[in-house]
Amino acid sequence: MIQGGSMHGSGAEISREVFWNILGPGFPTAQVVLYFIVAGALLMLFRGLVTNGFFTRLKAIWAAQGSESDRLDKPGERFWHAVWDVFLQKKILREPYQGTFHFLILWGFIALTITTAVVFLQADVIWPIWHWWFMKDGFYLGLSLFADVFGFLAIIGILMALYRRYVIKPVWLDEKPEDKTILWFILAILVTGFIVEGLRIQATEANPASPMHPYIWTSPIGRIAGLAFSWMNESGLRSLHMLLWWTHVIGAAVFFVYIAYSKLMHIFLTPVNIFLRNTSDNPAPIRFMPPEMFENAETFGIHKLEEYSWKDLYDSEACVRCGRCVEVCPAFNTDKPLKPRDVIQDIRNYMETKAKFAMDVDGNYRILADEEYTGPALIGDTIDKHTIWACTTCMACVEACPCYITQFPKLIDLRRYMVMMESDFPAEVLDVFKGMENNSNPWSIGAHVRADWAKGHNIPLMSEKGGAEYLFYVGCAGSFDDLNKKVALSIAKLLQLAGVDFAILGTEEGCCGDSAKKIGNEYIYQALAMANIETFKAYGVKQIITMCPHGYNTLKYDYKELGGDFEVFHYTEILDTLIKSGKITLKEPVADLGTMTYHDSCYLGRYNKVYDQPRNILKALNSGAVVEMASNHAKSFCCGAGGGRMWMEEDLGTRINQKRTKEAEAAGAKTVCTACPFCFTMLSDGIKELELSEKLQAFDIAQLVAKAAGIDLKASEGDQEAAG
């Protein structure tokens, strides 16, 4: 310890006295008191974790029984990803305003923590033991400037955050008393710190005789603060300095304790969640249900807390309520009762409620049978059923979350229980299930007409060829929906024109099962998927071209869980390559398209990062300017059909497809282009519903390429062969 407040060494070094004006002669009482404050803060922090239910929730997380993927594989990759993501704020900075102020606050506190640690080592460890003072000269001046600059940047960040809370006030922003309290608390600590520094500088370094006087501006913010007190004499400066020094120290200690009672716990919990993030190829996997479960499981899906996995429950601890998932949610933005953030927070609150029933007298968490539990239900009481059905599985919440929480898969697990255990689902979905079971398509159109769209066009069949380099998996929309049959034919004709070795399955093809899976009927999904996989393997299929992004995603990721490992492409990936290689020649621009805009399908864009290929194709058409809608690429706005919503009535709020259609209109486009049959249908409907047919039109990209390539979809088989 520095005795008697005296300067170390000669007193002439370029440095400062750490406990200036705090330590007097004799026993260093103030320094001991400081140690007690720090120790007390640590104990109170631990007590706070106990009293706020944190350890109880950890017991619930530990008791979770749901299956979970390996979250500790590739530890080195996970660690460095977490380090870079935390310190560079990669995901947070995707939103410039929020990202900037969070970045400034984070690095301000990192810098001040580093500075405090250096001072502690110097004054409380190295000097008392070895009597070596390293905090001097250039190092000290650099440290002073470092702390001042980053502390000031932290203040700017806090003011930006307060401005958002008090002035901007976005509708999706959660508002609890702690949110503003934390900001004002941090601001008070930072400001008092600078004032304390300024008072010390004014009382010491402002004196021309001080060896630090020539370097006084290496603490620029402290110096400016000190100038505000230049009218005070030394006695007044010392009195105010001591008062504010202790105020600053006690405030910092209280703030440290407050971490345990607030969302500031994310400082510790969120980096762990980033380390535990999903690293599989599937960007948003839904819990796998092995086929044998249907023979021996007593229940399907999730209806009580412990059926979630430990990672699902830990997600709720890592959630900081920032609201980014709500900001981008298409359901919330069309006045539906879904806020992904609130779903995660509801699960966290439910953990606390359930613990009151599940904890025994010894503090152990017990798994309660349904008949033993008399508290609120997870489905209905905690998470409203309308909330569960509002989700379109667009993955916008997962993409936006800086904490790497997977929100919507937790709702699919609830749907599974409702559908397979309670038969509790929207009435209109019943016919969809029947159609999938009886005719392998949601329209329940006879399976025998699945290939009628291809009649008279010499489209090769697998059953006739025996095999091909590519299977063109058409899907239900391309096979049965009149609007999308033209798209399927366009793709097939383009593949023929380019000389691609492909074939279709025709009537042997079945529904991919995506809608059944996302609605929650895993049984039907697996029956459909395994039938398709068996057919694919029978023909030795290795590579698949899909028309629908939903089928693309399902065949690419979900089929692997059932033994179907294929290389899957969306047709835009193939067409982009064929155009670039010259195998498809675009003979002339397509007339009357005007300004075009492209709608990113959720399952093609966010799920699979296919952003450039569709745009490359539109530019290659040379048929008009291409503009972006306000929501594009990873921030694209859903059409409203995903998650099985294609087959459900949208009777709450406003229609999602209409909101997206208005975005296309606002972009100044005449033609909105799609690469997904669901999106094509929803945007075409939106144009009609909003009576915009004279201003706006919708096309699938494949149709436009076919026109530009000079393909006549009505040509006879013989004419088409001649044209080729």
Side-chain angles (χ1 to χ4, degrees), residues 41 44-45 48-49 52 54 86-87 89 91-116 147-198 221-222 224-225 244-245 247-271 317-327 339 341-342 344-345 348 400-403:
M44 292 297 290
L45 174 69
L49 295 176
N52 81 350
F54 175 71
V86 169
F87 290 106
Q89 303 277 277
K91 257 197 160 183
I92 290 179
L93 284 169
R94 290 180 184 178
E95 297 298 327
Y97 189 86
Q98 300 99 299
T100 298
F101 74 65
H102 194 277
F103 185 86
L104 295 178
I105 295 169
L106 170 72
W107 275 100
F109 266 83
I110 288 174
L112 294 175
T113 300
I114 291 172
T115 303
T116 303
D148 264 40
V149 169
F150 278 92
F152 180 66
L153 291 176
I155 288 178
I156 292 175
I158 292 293
L159 293 176
M160 290 175 66
L162 286 169
Y163 183 79
R164 186 178 68 144
R165 287 280 172 186
Y166 284 96
V167 180
I168 300 176
K169 295 192 287 190
V171 295
W172 46 265
L173 192 63
D174 201 15
E175 193 67 73
K176 291 187 176 180
E178 69 167 358
D179 298 320
K180 292 175 181 175
T181 299
I182 288 170
L183 294 175
W184 285 114
F185 216 147
I186 295 173
L187 183 62
I189 291 171
L190 291 170
V191 171
T192 55
F194 277 122
I195 293 175
V196 166
E197 180 186 40
I221 311 304
I224 293 171
L244 289 181
W245 192 91
T247 300
H248 177 74
V249 167
I250 294 171
V254 172
F255 179 78
F256 185 69
V257 173
Y258 187 54
I259 289 174
Y261 297 90
S262 70
K263 67 178 184 180
L264 289 168
M265 280 293 292
H266 83 278
I267 296 170
F268 308 108
L269 300 177
T270 298
E317 289 294 318
C319 177
V320 71
R321 298 190 293 102
C322 68
R324 290 196 176 191
C325 55
V326 181
E327 179 185 12
K339 297 178 182 177
R341 171 198 61 216
D342 291 0
I344 302 303
Q345 288 296 308
R348 182 180 187 274
C401 181
C403 303

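- When side chains are defined from C-beta on, F150 does not count as touching I155, because their heavy atoms never get closer than 4.5 Å.
- Residue pairs meeting the salt bridge (charged side-chain N to carboxylate O under 4.0 Å, His left out) criterion with at least one member in residues 251-270, sequence neighbours excluded, are D179-K263.
- How far CZ of F109 is from CD1 of I114: 13.5 Å, rounded to the nearest 0.5 Å.
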Worksheet entry | Full working for side chain to side chain contact (heavy atoms under 4.5 Å, CB included) between Y258 and I182 | CA-CA 9 Å; Y258 187 54; I182 288 170; 3.6 Å; yes

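- What you find for A253 and A41 is that their closest heavy atoms are O-CB, 3.9 Å.
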May I have the list of side-chain donor-acceptor pairs in residues 188-196 shorter than 3.5 Å, sequence neighbours left out?
{"unit_1": "T192", "atom_1": "OG1", "unit_2": "A188", "atom_2": "O", "d": "2.8"}
{"unit_1": "T192", "atom_1": "OG1", "unit_2": "I189", "atom_2": "O", "d": "3.0"}
{"unit_1": "T192", "atom_1": "OG1", "unit_2": "H248", "atom_2": "ND1", "d": "3.0"}

Worksheet item: Checking side chain to side chain contact (heavy atoms under 4.5 Å, CB included) for the pair Y261/L49: CA distance, chi angles, key distance, verdict?
Response: CA-CA 7 Å; Y261 297 90; L49 295 176; over 6 Å; no

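- A pairwise comparison of heavy atoms in G108 and A154 identifies CA-CB, 3.8 Å as the closest pair.
- Note that CD1 of I186 and OG1 of T181 are 11.0 Å apart. Values are rounded to the nearest 0.5 Å.
- With T270 contributing its side chain and C403 its backbone, the two residues share no donor-acceptor pair below 3.5 Å.
- Here E317 pairs with R57, R348 under the salt bridge (Lys or Arg N to Asp or Glu O under 4.0 Å) rule; sequence neighbours left out.
- Within the structure, side-chain hydrogen bond (donor to acceptor under 3.5 Å, both in side chains) contacts touching residues 96-116 (residues at least two apart or in different chains) are Q89-H102.
- Rounded to the nearest 0.5 Å, atoms CD1 (I259) and CG (N52) are 12.0 Å apart.
- Electrostatic pairing of R321 and E178 counts as a salt bridge here, judged by a charged N lying under 4.0 Å from a carboxylate O.
- Between F101 atom CZ and I158 atom CD1 the span is 8.5 Å, to the nearest 0.5 Å.
- Listed by first then second residue, pairs satisfying salt bridge (charged side-chain N to carboxylate O under 4.0 Å, His left out) with a partner in residues 97-111 number zero, not counting sequence neighbours.
- Annotation: the span from F185 atom CZ to L187 atom CG amounts to 12.0 Å, rounded to 0.5 Å.
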Identify all side-chain donor-acceptor contacts of residues 159-172 below 3.5 Å with residues at least two apart in sequence or on another chain.
{"unit_1": "R165", "atom_1": "NH1", "unit_2": "D174", "atom_2": "O", "d": "2.5"}
{"unit_1": "Y166", "atom_1": "OH", "unit_2": "W184", "atom_2": "NE1", "d": "3.0"}

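- When all heavy atoms are compared, the tightest approach of P402 to R324 is CD-CD, 4.2 Å.
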Item to complete: For the pair E175 and K180, evaluate side chain to side chain contact (heavy atoms under 4.5 Å, CB included) and give the outcome as yes or no after the intermediate values.
Response: CA-CA 8 Å; E175 193 67 73; K180 292 175 181 175; 3.5 Å; yes

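- Two residues are said to be in side-chain contact when any heavy atoms from C-beta on lie closer than 4.5 Å; F87 and I110 meet this criterion.
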Item to complete: Apply the test side chain to side chain contact (heavy atoms under 4.5 Å, CB included) to residues F103 and L93: give CA-CA distance (whole Å), side-chain angles for both, the deciding distance (0.1 Å), then the verdict.
Response: CA-CA 8 Å; F103 185 86; L93 284 169; 4.0 Å; yes

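- When all heavy atoms of C319 and Q345 are compared, the pair lying nearest together is SG-NE2, 3.3 Å.
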